[in-house]
Number of protein chains: 4
Amino acid sequence: MSHSRFEYVKQYEQHFDLLKNTYIAIRIDGKGFTKFCERHSFKKPNDINQIKLMLIAALNVMKNYSEIFISYGQSDEFSFILKRSTKLYNRRSEKILTNILSTFTSSYVYYWDKIFKNIKLQYPPTFDARIILYPSFQNIKDYLCWRVTDCHINNLYNTTFWALVDKGNLNKEEAHEKLKKTISSEKNDILFNDFGINYNNENIVFKKGTLILRLKNPKFKNFYKFDDSLIKDDDFCKNLIMCEENNIFAVCHEDVFNNNFWDNEKIDFD
Amino acid sequence: MSHSRFEYVKQYEQHFDLLKNTYIAIRIDGKGFTKFCERHSFKKPNDINQIKLMLIAALNVMKNYSEIFISYGQSDEFSFILKRSTKLYNRRSEKILTNILSTFTSSYVYYWDKIFKNIKLQYPPTFDARIILYPSFQNIKDYLCWRVTDCHINNLYNTTFWALVDKGNLNKEEAHEKLKKTISSEKNDILFNDFGINYNNENIVFKKGTLILRLKNPKFKNFYKFDDSLIKDDDFCKNLIMCEENNIFAVCHEDVFNNNFWDNEKIDFD
Amino acid sequence: MSHSRFEYVKQYEQHFDLLKNTYIAIRIDGKGFTKFCERHSFKKPNDINQIKLMLIAALNVMKNYSEIFISYGQSDEFSFILKRSTKLYNRRSEKILTNILSTFTSSYVYYWDKIFKNIKLQYPPTFDARIILYPSFQNIKDYLCWRVTDCHINNLYNTTFWALVDKGNLNKEEAHEKLKKTISSEKNDILFNDFGINYNNENIVFKKGTLILRLKNPKFKNFYKFDDSLIKDDDFCKNLIMCEENNIFAVCHEDVFNNNFWDNEKIDFD
Amino acid sequence: MSHSRFEYVKQYEQHFDLLKNTYIAIRIDGKGFTKFCERHSFKKPNDINQIKLMLIAALNVMKNYSEIFISYGQSDEFSFILKRSTKLYNRRSEKILTNILSTFTSSYVYYWDKIFKNIKLQYPPTFDARIILYPSFQNIKDYLCWRVTDCHINNLYNTTFWALVDKGNLNKEEAHEKLKKTISSEKNDILFNDFGINYNNENIVFKKGTLILRLKNPKFKNFYKFDDSLIKDDDFCKNLIMCEENNIFAVCHEDVFNNNFWDNEKIDFD
């Protein structure tokens with residue numbers, strides 16, 4: 001049996017190296033999560049435990065890949081941004097994409113029981129992922145603003161939709177029909193006038209999504225340990241700082257549209 | 001807040017469609033599995049439960065992606081081959097790669113407790129994956145022969161190595177040194193003469209790895225249900241046929257070097 | 001002055017190797033040739049000298065790149081097909097694409113004066129090029145049939161269009177309007193009934209385009225030398241065989257739709 | 001004859017769009033120019049007519065592709081840099097690469113007779129080309145410095161080499177042997193001590209290569225017309241300004257290592 005006779009097939013592998021001097025963004029998305037939410041009776045319009053689990057999976061990714069300087073999640077998606085100078089896996093696209101995705105997926109399933117104590121995971125969930133290059137830091141700021149904007153638009157819609165269904169006695173089709181073509185201010189009005197809900201008072205986690213920043217010079221004192229404190233604390237997401245094996249993260253919901261946010265040099269993004 | 005001002009960043013996504021009329025192979029590999037094996041006290045040189053778990057994860061992938069007509073696994077790797085006519089995700093490379101990898105990873109963690117009843121999973125494992133195109137069916141046969149050859153070479157080495165360490169009282173460095181530059185027949189001789197082990201009698205699962213074939217016209221009668229039977233049966237891997245929701249799989253260890261194997265038209269590979 | 005300080009920029013080059021075991025097709029197209037035809041008063045609907053010049057440029061490409069086993073041209077385009085086993089430039093996409101394109105362009109300008117003796121080249125023409133992979137030989141046959149079909153459709157349209165303009169006293173808009181939505185048989189009828197033209201009797205070079213085959217075992221005796229004979233002979237394109245520095249080419253207009261054409265093993269295409 | 005039966009082959013085309021917000025560099029190189037130089041008896045170590053012809057071909061490229069803001073040439077190579085915001089051909093890689101290469105090649109052959117009045121072009125020359133992306137303007141400055149450094153190193157070597165051969169009565173092997181492992185200062189010494197040549201006094205065109213800048217606000221008055229003045233003027237390359245159909249170019253040899261060169265905002269590079 002000759003080793004070399006078949007080994008030629010290895011040469012069919014085609015590797016693609018990501019352009020140097022560009023930021024690498026990876027966005028992970030839940031596949032078929034409408035069904036997944038239903039099968040696990042996730043709370044509508046937002047399930048805090050699902051958001052916690054996504055956060056913990058993302059923190060585990062950031063612990064394992066130190067080149068990620070910021071990440072952002074909302075709903076069933078999470079984005080990770082690598083420094084533009086990163087040489088991780090020699091910038092081989094497949095390697096970066098698949099390692100980060102697999103660690104995220106694995107962590108999501110692994111930590112499920114710790115977060116959802118009374119809900120059994122019914123089947124293995126699937127996430128897909130894409131890799132996107134951004135040449136300038138302005139592109140990265142705009143990318144995050146794009147995802148936050150998307151979070152806002154979806155959350156305002158979903159909050160109004162489920163108010164109409166749960167409290168307004170509309171069925172789903174009627175609620176969709178009523179909201180079709182409404183603008184933001186009209187949805188705010190429905191929430192306030194019909195249901196006494198001031199959207200501004202909704203949980204900032206749902207309204208803004210969650211940022212995780214890798215800190216270089218943390219000025220904060222109040223450290224939490226990964227991951228018990230996260231699970232116990234319902235306010236986990238309000239400027240939590242975690243310190244774990246030389247990794248210091250801030251979990252926050254600050255306004256990424258505000259330039260001050262980017263100017264205070266808390267993070268090392270080059 | 002303008003939706004469109006930031007949305008331009010979406011246009012930076014670059015999608016790559018895989019060449020039509022070619023077979024798509026995806027090979028998934030465990031990352032850092034030397035450490036992972038140690039932390040979970042896997043049996044040396046082979047742990048039957050680890051192989052079962054890989055098999056179950058692979059079967060779950062094949063259940064979910066019907067375009068995969070054959071897959072092959074050994075050690076901490078598994079390869080999946082899609083039909084050359086497949087239009088899965090319009091052949092978008094990232095989509096195919098990440099969905100299959102994520103389902104595999106997720107299944108591996110999900111089914112852990114069912115297989116390893118007495119060993120707790122210590123941390124979320126990571127797998128990476130690559131995608132390779134093969135234009136001809138001969139390429140696919142050679143690809144599988146390459147992986148089976150690799151399995152044989154590694155397993156003969158590992159079997160001899162651990163015999164030297166466990167029964168021969170050599171330390172690891174001495175065992176490596178002794179095996180360096182030996183050819184296959186010499187390793188067979190060491191096993192037989194020093195330890196009374198006839199390598200031919202070793203478990204075929206370890207010697208050949210595991211094939212999963214999607215059957216179109218199964219002639220077999222003895223169906224097992226996924227996944228309880230798998231777990232109970234220690235001989236799970238000897239031409240097991242499973243039938244599950246219109247999916248019929250044969251798990252086998254036949255000789256892929258034998259052309260008869262490919263000629264009997266059990267599988268639909270175009 | 002440090003050599004190495006700037007040399008890092010070389011690492012930004014990204015090379016893409018074409019998948020092995022696939023045919024490589026390169027199609028070259030004239031850019032802005034409507035204007036180019038007008039500026040050089042090309043005959044309508046076909047200019048035999050333009051076709052000769054394209055042929056000579058293509059023959060020069062085939063002389064220089066022995067991995068091309070067949071090429072096909074019509075109008076202002078020419079396609080070159082490389083053997084699927086070719087290792088030219090290690091199958092580096094940019095290298096193959098740009099070398100063949102540059103040789104073609106260069107030859108077109110170089111040989112202009114020899115073909116167009118009374119028409120001065122007014123400005124340097126431009127061609128673009130694309131590279132396409134085909135896994136099977138059936139794909140290659142279909143590719144050539146596709147281009148020949150395109151030639152037929154365009155030539156029938158153009159022949160009828162210019163008959164209407166030149167002999168039918170219609171202006172261009174009227175001719176376009178009249179032909180819009182006509183099918184092939186209706187165009188044939190217009191030609192025959194209105195202008196006494198039997199399309200079947202038109203020059204096969206215009207109707208079918210031009211194939212160049214690299215022969216391995218030529219049975220033909222009547223060799224022409226590249227390139228004088230080509231220029232003198234108005235029937236240059238009728239099964240001309242050329243022999244030049246170990247290169248033997250057949251220029252022909254056989255029916256690529258006919259399987260017999262492909263079965264007679266005149267060419268070595270693997 | 002069915003149009004659609006074969007048209008499926010068009011779907012095998014794979015288009016690659018260049019990442020947005022990055023500079024696009026295209027470097028064109030002569031193929032087999034050692035032989036080409038000999039066949040056309042180019043002067044050693046530099047032939048001013050060859051450099052003129054390369055310049056004229058490059059100017060014609062810049063006239064036709066207004067997105068190129070700077071280009072640089074030396075020896076048998078020329079590099080073109082497109083603005084990072086360019087939308088030329090929707091940034092389709094093949095289109096940009098092949099159009100620019102073909103125009104350059106075509107121009108080189110077309111203008112040959114105007115420059116080399118007494119030397120007949122013996123055969124069609126070939127150039128290859130590559131496309132490289134650079135995310136930052138610093139990368140572009142470093143790219144040009146890299147090419148200028150390369151020009152300097154090669155020209156100093158060639159000037160010394162041909163002095164040794166032409167005036168020093170060494171054969172080529174002896175000259176190569178003598179120069180092997182010499183550093184720049186030693187080559188300068190050989191030129192000055194053995195042949196009375198002060199390298200600093202050599203023609204700046206040979207020492208530095210040629211830059212072409214597209215000007216937005218030209219302050220210069222002394223316009224030349226493309227292309228007669230170029231041909232007549234032996235000093236064509238000293239800060240020549242050309243104005244042609246709204247295109248204003250400066251041909252110069254300024255010091256690209258000097259930051260002042262880049263700060264005076266003569267060019268629009270975004």
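A, B, ... follow the sequence lines: proteins, then strands. Residue 1 opens every chain.
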Worksheet item: Among B/His15, B/Lys141, B/Glu13, B/Arg92, who wins on heavy-atom pairs under 4.5 Å with chain A?
Response: B/Glu13
Worksheet entry | chain A interface, residue from B/Lys95, B/Glu94, B/Arg27 that has the most non-hydrogen pairs under 4.5 Å | B/Glu94
Separation between [atom1] of [X] and [atom2] of [Y], rounded to the nearest 0.5 Å:
X	Y	atom1	atom2	value
A/Asp142	B/Glu7	CG	CD	12.0 Å
A/Ser102	B/Lys31	OG	NZ	9.0 Å
B/Leu97	A/Leu101	CG	CG	8.5 Å
A/Asp29	B/Asn99	CG	CG	10.0 Å
A/Gln14	B/Ser93	CD	OG	9.5 Å
B/Lys10	A/Tyr143	NZ	OH	9.0 Å

Worksheet, complete the sentence: Note: B/Val109 and A/Tyr110 closest approach over all heavy atoms is CG1-N, 3.8 Å
Side chain / backbone / both / neither for [X] at chain B, heavy atoms under 4.5 Å:
X	value
A/Arg147	neither
A/Leu121	both
A/Ile131	both

Fill in: Heavy-atom neighbours of B/Asn90 CG exceed 12 at 6.0 Å
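Atom CG in B/Asn90 is not packed in, count stays at 12 or less.
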Practice prompt. Under the side chain to side chain donor-acceptor pair (under 3.5 Å) rule, what do B/Thr103 and A/Thr126 come out as? Steps first, then yes or no, please.
Written response: CA-CA 5 Å; B/Thr103 302; A/Thr126 297; 2.7 Å; yes
Is the shortest side-chain heavy-atom distance between [X] and [Y] below 4.5 Å?
X	Y	answer
B/Tyr134	A/Val9	yes
A/Pro135	B/Tyr12	yes
A/Ser106	B/Phe127	no
B/Pro124	A/Asn60	yes

Item to complete: Check for a donor-acceptor pair, side chain of B/Thr98 on one end and backbone N or O of A/Ala129 on the other, with a separation under 3.5 Å.
Response: yes
Discussion item. At a heavy-atom distance under 4.5 Å, which candidate from A/Tyr108, A/Phe104, A/Tyr65 has the highest pair count against chain B?
Written reply: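 When all of A/Tyr108, A/Phe104, A/Tyr65 are compared, A/Tyr65 has the most.
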Practice prompt. Take A/Asn139 and B/Tyr8 through the test side-chain contact (heavy atoms from CB on, under 4.5 Å) and record every step on the way to the result.
Written response: CA-CA 9 Å; A/Asn139 290 150; B/Tyr8 80 91; 3.1 Å; yes
Worksheet item: Which residues in residues 179-188 of chain A have any heavy atom lying under 4.5 Å from a heavy atom of chain B?
Response: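 From residues 179-188 of chain A, none sit under 4.5 Å of chain B.
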Worksheet entry | Contacting region of B/Gln11 [heavy-atom separation from chain A under 4.5 Å] |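 Looking at B/Gln11, nothing touches chain A.
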